[in-house]
Amino acid sequence: MANPLFDALLAPHTGKQDTFLIAADGTQTSYDGFLKDIARMAHALVACGVKPGSRVAVQVEKSHAALALYGACLQAGAVFLPLNTAYTSAEVAYFVADAEPALVVSDPSARDTLASCAKAHHARLECLDRDGKGSLADLAERMSDTFQAIPREIDDTAAILYTSGTTGRSKGAVLSHGNLLSNALALRDIWRFTSADRLLHALPIFHVHGLFVATNVMLTAGGSMIFLPRFDVGQVISLLPSATAMMGVPTFYTRLLGSEAFTRECASTIRLFVSGSAPLLPATFAEFEARTGQRILERYGMTETGMITSNPYEGERRAGAVGFPLPGVSVRIGDPQTGAILPRGKTGVIEVSGPNVFSGYWRRPDLRDSEFRADGYFITGDLGLIDADGYVFIVGRAKDLIISGGLNVYPKEVETLIDGLEGVVESAVFGVPHPDFGEAVMAAVVVAPGSDMNAERIKVVLAGQLASFKLPKAIAVVEELPRNTMGKVQKNALREIYKDAFQGPANN
Ligand code: MCA
Ligand code: AMP
């Protein structure tokens with residue numbers, strides 16, 4: 001019996017002494033060592049009551065052990081459910097209630113706040129800190145370093161990643177072994193990754209980009225990764241000369257360009273810079289090429305689909321375009337209202353089908369009709385077109401979404417909290433240009449006459465409930481919100497009024 005992802009990503013490296021991970025201080029972990037860590041961790045999961053198909057919710061800092069925990073979930077046939085470390089305990093409580101994990105793994109600092117929530121949902125709670133130490137590591141340390149992988153089918157769930165909905169709360173995108181594997185193999189091939197590659201990995205591992213794009217691709221290629229806890233521009237510049245590739249969100253590239261120490265020479269060993277998760281401005285693309293002589297390869301994806309399109313490895317990488325559909329992936333443009341398929345050059349909603357596309361949202365069969373067309377194409381909510389040469393361009397969003405530094409914020413979630421505050425009449429949350437994060441979250445709030453509610457108080461209350469990246473970086477208290485004749489709030493008008501709110505370098 002087989003386990004598709006484990007067999008493709010990890011099993012082939014058994015016994016290999018080649019380096020897989022390199023820490024910032026130069027400490028190296030071989031593939032063999034990493035596989036043994038995974039096996040010990042898989043035994044620890046079983047000891048914690050994790051069964052095939054059980055969810056394992058993980059909110060821990062990036063570390064070798066955290067990555068081994070992902071591998072252990074695959075090997076033990078469990079469902080990996082990573083959570084952004086910025087989520088507050090209130091946000092985590094929602095995910096635990098919805099996903100009903102058998103095990104929650106948190107940072108030791110969150111143990112006390114999460115204990116009652118884990119208990120209420122019959123989940124066991126274990127810890128792992130930023131150094132890979134904690135109760136789960138202690139348990140794993142005593143275990144055998146071999147583990148027979150639990151059989152899984154290609155359609156079995158490998159991971160659930162929560163992604164905010166346009167209406168209401170976050171939904172879990174259910175990703176199968178087949179979804180993740182097809183994407184990793186396609187990307188490895190089109191981006192030409194081999195065992196000779198060394199990826200500079202500075203992305204978080206709780207999202208598709210850092211986990212399934214970066215890590216899965218490197219595992220299928222058998223290459224190595226310089227595994228950094230976060231993106232620190234100075235550290236990245238000093239380590240780039242020992243890497244051959246880097247993947248990042250546009251903020252990585254604007255921060256690199258903002259440093260005089262980032263020169264053509266320090267990028268000279270890199271054969272591939274990949275950007276995604278948010279639009280890369282053509283100006284950034286051009287400035288990067290002028291500085292380094294290299295054209296960033298921009299690609300496009302979603303949590304629900306993994307990667308959808310990519311600019312070519314060979315051939316023209318076009319600024320502002322996200323390239324061609326991946327092999328085996330079909331992209332078309334649909335009329336947002338009627339669903340009619342539109343010809344080349346026409347703008348509509350981007351729809352996608354292929355082995356990469358998820359099967360649906362966790363326990364939300366009711367969303368099937370609104371999120372998929374009858375013939376199975378997934379409706380991304382991104383507005384785009386396909387030009388005469390077949391390049392896909394994203395030109396806007398049908399969904400009300402802000403992407404800040406590569407992280408998604410759904411205005412509705414923030415508005416609901418602001419509107420619930422005493423003294424607030426109503427609010428509108430929207431994105432405005434930001435020099436560092438691309439877009440920043442901003443709120444316009446109408447306060448009741450005589451109320452002493454103000455921007456500072458709103459910020460303080462929200463900070464206890466929302467992850468920091470979702471907090472409005474500016475709040476304008478206004479007399480009224482602009483509305484159209486139908487009474488609908490005009491966010492475009494607000495975006496126009498406040499478009500210069502964050503002028504100047506790295507203004508937070
Ligand atoms: C941190 N802050 C942010 C963000 N990150 N605010 C808005 N947007 C953000 N992305 C807050 C911090 O909490 C802090 O608030 C203040 O902003 C300054 O933080 P700073 O130290 O500058 O941030 P950082 O730690 O350097 O992080 C910025 C970052 C990081 C490097 C851009 O956010 C990051 O790694 N982003 C990548 C996310 C990612 O992997 N996305 C892929 C999703 P305070 O001062 O109040 O504490 S997967 C996906 O989208 C699809 C599938 C795809 O296509 O890839
Ligand atoms: P997420 O829900 O975090 O998976 O974010 C997916 C969304 O990120 C997509 O629907 C797009 O709106 C956006 N996105 C990803 N890559 C790109 C890109 N290269 N250019 C523009 N938007 C992108």
Side-chain angles (χ1 to χ4, degrees), residues 62 82 84-88 161-166 170-171 173 175 183 187 201-214 228-236 247-256 274-282 285 296-311 319-323 349-350 352 356 358 378-384 392-410 431 434-442 459-460 462-463 466-473 502 506-508:
K62 184 176 173 184
N84 192 323
T85 47
Y87 289 146
T88 61
L161 267 72
Y162 275 82
T163 166
S164 302
T166 38
S170 288
K171 306 161 299 214
L175 301 166
N183 221 226
L187 294 174
H201 191 304
L203 286 159
I205 54 168
F206 42 70
H207 283 308
V208 165
H209 198 162
L211 190 62
F212 302 142
V213 182
L228 304 178
R230 56 182 289 277
F231 182 85
D232 175 271
V233 73
Q235 191 175 48
V236 166
M247 297 180 190
V249 296
T251 299
F252 284 21
Y253 294 105
T254 50
R255 286 188 181 182
L256 282 171
V274 177
S275 176
S277 310
L280 180 73
L281 295 179
F285 179 90
I296 298 171
L297 183 151
E298 185 173 9
R299 70 11 170 223
Y300 157 59
M302 269 185 91
T303 300
E304 290 89 334
T305 61
M307 297 305 99
I308 301 170
T309 67
S310 170
N311 268 284
V322 292
V349 69
I350 300 175
V352 54
N356 55 320
F358 77 138
F378 173 63
I379 307 164
T380 62
D382 291 308
L383 295 175
V392 176
F393 285 77
I394 300 173
V395 299
R397 294 176 202 137
K399 51 196 175 191
D400 191 11
L401 163 71
I402 302 164
I403 305 184
S404 176
L407 293 171
N408 290 7
V409 181
Y410 278 85
H434 189 280
D436 187 30
F437 294 121
E439 268 186 298
V441 179
M442 176 155 186
K459 276 190 183 172
V460 170
L462 291 185
L466 283 177
S468 55
F469 68 89
K470 297 181 192 171
L471 298 174
K473 294 206 187 288
F502 294 98
N507 186 347
N508 282 320

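What you are looking at is a predicted structure, and each value in this text was computed from that prediction instead of being measured. FYI, side chains are in, hydrogens and waters are out, and symmetry mates aren't considered; it's all heavy atoms of this structure. Counting starts at 1 for both ligands and their atoms, in listed order.
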Open item on the list: I'd like the name of whichever of Pro204, Ala86, Ala202, Ala214 reaches closest to atom 35 (O) of ligand 1 through any heavy atom.
Closed with: Pro204
- [ ] Provide, to 0.1 Å, the distance between atom 13 (C) of ligand 2 and the closest protein heavy atom, together with that atom's residue and name.
- [x] Ile403 CD1, 3.3 Å
Open item on the list: Between Lys399 and Glu304, does any NZ, NE, NH1 or NH2 come within less than 4.0 Å of an OD or OE carboxylate oxygen?
Closed with: no
Task: Protein heavy-atom partner closest to atom 12 (O) of ligand 2 - residue, atom, separation in Å - done: Asp382 OD1, 2.6 Å
Task: Pick from Phe437, Phe206, Phe252: the one approaching atom 2 (N) of ligand 1 most closely through a non-hydrogen atom - done: Phe437
Open item on the list: Please enumerate all residues that pass ring-ring contact (aromatic ring centres under 6.0 Å, His included) together with Phe393, with sequence neighbours excluded.
Closed with: none
TODO: For ligand 1, note which part of Arg299 has a heavy atom under 4.0 Å away: side chain, backbone, both or neither.
DONE: side chain
Open item on the list: Considering non-hydrogen atoms of the protein only, which is the closest contact for atom 7 (C) of ligand 2, and what is the distance?
Closed with: Gly301 O, 3.9 Å
Open item on the list: I'd like to know whether ligand 2 has His207 as a neighbour, heavy-atom separation below 4.0 Å.
Closed with: no
Task: Backbone or side-chain N or O of Glu298 under 3.5 Å from ligand 2 N or O - done: yes
Task: Proximal ligand 2 atoms for Thr163, defined as those under 4.0 Å from one of its heavy atoms - done: 2 (O)
Open item on the list: Can you name the atoms of ligand 2, numbered from 1 with element, that are less than 4.0 Å from a heavy atom of Lys399?
Closed with: 9 (C), 10 (O)
Task: For Arg230, atoms of ligand 1 separated by under 4.0 Å from a heavy atom - done: 21 (O), 24 (P), 25 (O), 26 (O)
- [ ] Give the residue and atom name of whichever protein heavy atom lies nearest to atom 16 (N) of ligand 2, and the separation in Å to one decimal.
- [x] Ser277 N, 3.1 Å
Task: Atoms in ligand 1 flagged as close to Val208, the criterion being non-hydrogen separation under 4.0 Å - done: 48 (S), 52 (C)
Task: Per-atom contacts of ligand 1 with Gly405, taking only distances under 4.0 Å to non-hydrogen atoms - done: 10 (N), 32 (C), 33 (O), 36 (N), 37 (C), 38 (C)
Task: Set of residues satisfying ring-ring contact (aromatic ring centres under 6.0 Å, His included) with respect to His201, sequence neighbours excluded - done: Phe227
Task: Phe437/Phe469 aromatic ring centres below 6.0 Å - done: no
Task: Atoms in ligand 1 flagged as close to Thr251, the criterion being non-hydrogen separation under 4.0 Å - done: 32 (C)
Task: Top protein contact for atom 3 (O) of ligand 2, by heavy-atom distance - done: Asn408 ND2, 3.0 Å
Task: Numbering as shown, the atoms of ligand 2 that approach Ile394 to under 4.0 Å (heavy-atom distance) - done: 20 (N), 21 (C), 22 (N)
TODO: Could you tell me whether the side chain of Lys470 and the main chain of Val441 form a donor-acceptor pair under 3.5 Å?
DONE: no
TODO: Just go through Lys473, Arg255, His209 and tell me whose heavy atom is the nearest to atom 6 (N) of ligand 1.
DONE: Lys473
Task: Spacing of CZ belonging to Arg397 relative to CD1 belonging to Ile403, to within rounding of 0.5 Å - done: 4.0 Å
- [ ] For residues Phe212 and Leu161, determine if any side-chain heavy atom of one lies less than 4.5 Å from a side-chain heavy atom of the other.
- [x] yes
Task: Heavy-atom nearest neighbour in the protein, as seen from atom 19 (N) of ligand 2, with distance rounded to 0.1 Å - done: Arg299 O, 2.7 Å
Task: Main-chain N/O of Val213 paired with Asn183 side-chain donor or acceptor, under 3.5 Å - done: no
Task: Note, Leu297 side chain near Ser310 side chain (heavy atom, < 4.5 Å) - done: yes
TODO: Hey, could you give me the OH/CG distance between Tyr162 and Asn84, rounded to the nearest 0.5 Å?
DONE: 15.0 Å
Open item on the list: If I apply the N/O under 3.5 Å rule, does His207 come out as touching ligand 1?
Closed with: no
Open item on the list: Counting non-hydrogen protein atoms only, what is the nearest one to atom 17 (C) of ligand 2? Give residue, atom name and distance.
Closed with: Ala278 N, 3.7 Å
- [ ] Find the distance between NZ (Lys473) and NZ (Lys459) and round it off to the nearest 0.5 Å.
- [x] 9.0 Å
Task: Proximal atoms of ligand 1 relative to Gly301 (non-hydrogen, under 4.0 Å) - done: 54 (O)
Task: Element-labelled atoms of ligand 1 that are located less than 4.0 Å from some non-hydrogen atom of Leu407 - done: 10 (N), 33 (O), 38 (C)
Task: Arg255 side chain near Pro250 side chain, heavy-atom distance below 4.5 Å - done: no
TODO: Would you mind reporting whether Tyr300 and Thr380 have side-chain heavy atoms less than 4.5 Å apart?
DONE: yes
TODO: Using distance alone, determine whether Ser277 and ligand 1 share an N or O pair under 3.5 Å.
DONE: yes
- [ ] Please state whether Val322 comes within less than 4.0 angstrom of ligand 2, counting heavy atoms only.
- [x] yes
Open item on the list: Only heavy atoms of Thr303, strictly under 4.0 Å: list the atoms of ligand 1 that pass.
Closed with: 52 (C)
Open item on the list: Please check this pair: side chain of Thr309 against backbone of Val322, looking for a donor-acceptor N/O pair closer than 3.5 Å.
Closed with: yes
Task: Interfacing atoms of ligand 1 (cut-off 4.0 Å, heavy-atom, Met302) - done: 52 (C)
TODO: Check each of Thr305, Ile308, Ile350, Asn356 against Phe378 using the side chain to side chain contact (heavy atoms under 4.5 Å, CB included) test, and report the only one that passes.
DONE: Thr305
TODO: Look at the side chain of Tyr253 and the backbone N and O of Val274, then say whether any donor-acceptor pair between them is shorter than 3.5 Å.
DONE: yes
